[in-house]
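Counting from 1, the numbers follow the sequence of the chain as shown.
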Amino acid sequence: MTSRCTLQLTVLLCLTSAALSVNYGVLRFRQRSSNSACQELLRQLIRSPQYCLGDMMDFQIPKEVKQPQQVQKEEAMVVMHEMLHQIFSIFRRSFSSTGWNETIVENLLEELHWQMDRLETALKEIMQEGKFPWENRTVPRLKTYYLGILQYLKAKSYSSCAWTIVQVEILKNFSFLNGLIDALQD
């Protein structure tokens, strides 16, 4: 009788943990689809960057973001969330001098928000499982990187060329995000 109860309890615990486990395949698919949509929306906003070559800047994104092969799934999710949050914050800034289509910007912000929401949900599940990566050294470096972008925009008085350079940089970010999405293998 005791072994039967133990077996039932074990099966119940396995099913419960499977139900709580993040479905990385679905998350990866949704993030990649949304990421592609963001890239397309951003491309629609970019205007001839060759006119702004004099304003080029190397913002120095952290190398862990460029080469995420050694990153754990949970760490990748934290880094992706931070990147999306920072990109969202940048595009909520004053861009009135750019002449951008506001609908495109709103759609971009919406896609970014959806990605962040999905990651937040998955990260909450990971926290419940006790797998959350509490120490992540990449996030502070990312914050410094994005602060540099914001300082650049401010120094250039949010000019159209400054925004174009930032857009090109953010477009590269989406390529790096794709690499991080690949780290979400089951």
Side-chain angles (χ1 to χ4, degrees), residues 27-28 30-69 71 75-121 123 136-184:
L27 180 62
R28 195 172 55 247
R30 288 182 177 164
Q31 291 300 109
R32 187 169 306 284
S33 297
S34 190
N35 206 34
S36 293
C38 288
Q39 286 175 305
E40 183 55 39
L41 289 165
L42 195 53
R43 283 187 188 105
Q44 291 175 32
L45 293 175
I46 294 177
R47 295 201 179 124
S48 307
Q50 64 267 22
Y51 295 115
C52 302
L53 291 177
D55 291 324
M56 290 297 288
M57 177 79 174
D58 183 6
F59 294 103
Q60 304 275 330
I61 194 160
K63 69 177 181 171
E64 305 91 339
V65 175
K66 288 182 183 179
Q67 303 164 343
Q69 297 85 359
V71 177
E75 291 177 87
M77 291 168 55
V78 170
V79 170
M80 287 175 10
H81 186 273
E82 183 63 30
M83 289 177 72
L84 293 166
H85 174 73
Q86 295 291 338
I87 293 168
F88 184 87
S89 295
I90 288 170
F91 281 95
R92 288 189 47 177
R93 303 270 170 195
S94 172
F95 55 83
S96 57
S97 64
T98 62
W100 292 344
N101 179 325
E102 287 187 37
T103 303
I104 293 173
V105 175
E106 287 172 15
N107 290 341
L108 175 64
L109 291 172
E110 207 170 274
E111 284 291 336
L112 291 167
H113 194 267
W114 286 338
Q115 285 193 59
M116 287 187 295
D117 279 351
R118 283 192 294 270
L119 287 168
E120 284 172 16
T121 300
L123 286 168
N136 187 306
R137 294 183 180 110
T138 306
V139 170
R141 288 192 281 264
L142 274 173
K143 289 181 179 186
T144 301
Y145 164 76
Y146 287 107
L147 179 61
I149 291 174
L150 289 172
Q151 289 171 338
Y152 169 81
L153 279 169
K154 187 175 180 180
K156 296 285 185 174
S157 302
Y158 298 93
S159 71
S160 183
C161 265
W163 272 111
T164 299
I165 298 303
V166 167
Q167 286 174 289
V168 170
E169 183 69 16
I170 298 299
L171 198 52
K172 286 188 237 176
N173 278 220
F174 286 110
S175 295
F176 299 138
L177 280 163
N178 280 333
L180 289 163
I181 290 168
D182 290 341
L184 300 180

Engineer: Report the residues that fulfil side-chain hydrogen bond (donor to acceptor under 3.5 Å, both in side chains) with His81, sequence neighbours left out, ordered by chain and then residue number.
Structural biologist: Glu120

Engineer: With sequence neighbours excluded, what pairs up with Phe59 under the ring pair (Phe, Tyr, Trp, His ring centres under 6.0 Å) test?
Structural biologist: Tyr152

Engineer: State which residues pass salt bridge (charged side-chain N to carboxylate O under 4.0 Å, His left out) with Arg118; sequence neighbours excluded, sorted by chain then number.
Structural biologist: none

Engineer: Give me the atom names and distance for the closest heavy-atom approach of Val105 to Phe91.
Structural biologist: CG1-O, 4.0 Å

Engineer: The criterion is side-chain hydrogen bond (donor to acceptor under 3.5 Å, both in side chains); which residues satisfy it with Lys172, sequence neighbours excluded?
Structural biologist: Glu169

Engineer: Who pairs with Gln44 by side-chain contact (heavy atoms from CB on, under 4.5 Å), at least two apart in sequence or on another chain?
Structural biologist: Glu40, Leu41, Ile104

Engineer: Test: salt bridge (charged side-chain N to carboxylate O under 4.0 Å, His left out). Region: residues 148-160. Which pairs qualify, not counting sequence neighbours?
Structural biologist: Asp55-Lys156

Engineer: Taking only residues two or more places apart in sequence, or in another chain, which ones meet Glu111 in a salt bridge (charged side-chain N to carboxylate O under 4.0 Å, His left out)?
Structural biologist: none

Engineer: Gln60: which residues meet the side-chain hydrogen bond (donor to acceptor under 3.5 Å, both in side chains) condition with it, sequence neighbours left out?
Structural biologist: Asp58

Engineer: For a quick test of reading the model, state the closest non-hydrogen atom pair linking Ala76 to Leu180 and the distance between them.
Structural biologist: CB-O, 3.8 Å

Engineer: With Asp182, which residues qualify under salt bridge (charged side-chain N to carboxylate O under 4.0 Å, His left out), at least two apart?
Structural biologist: Arg32

Engineer: Just to verify, what does Glu82 make a side-chain hydrogen bond (donor to acceptor under 3.5 Å, both in side chains) with, not counting sequence neighbours?
Structural biologist: Gln86

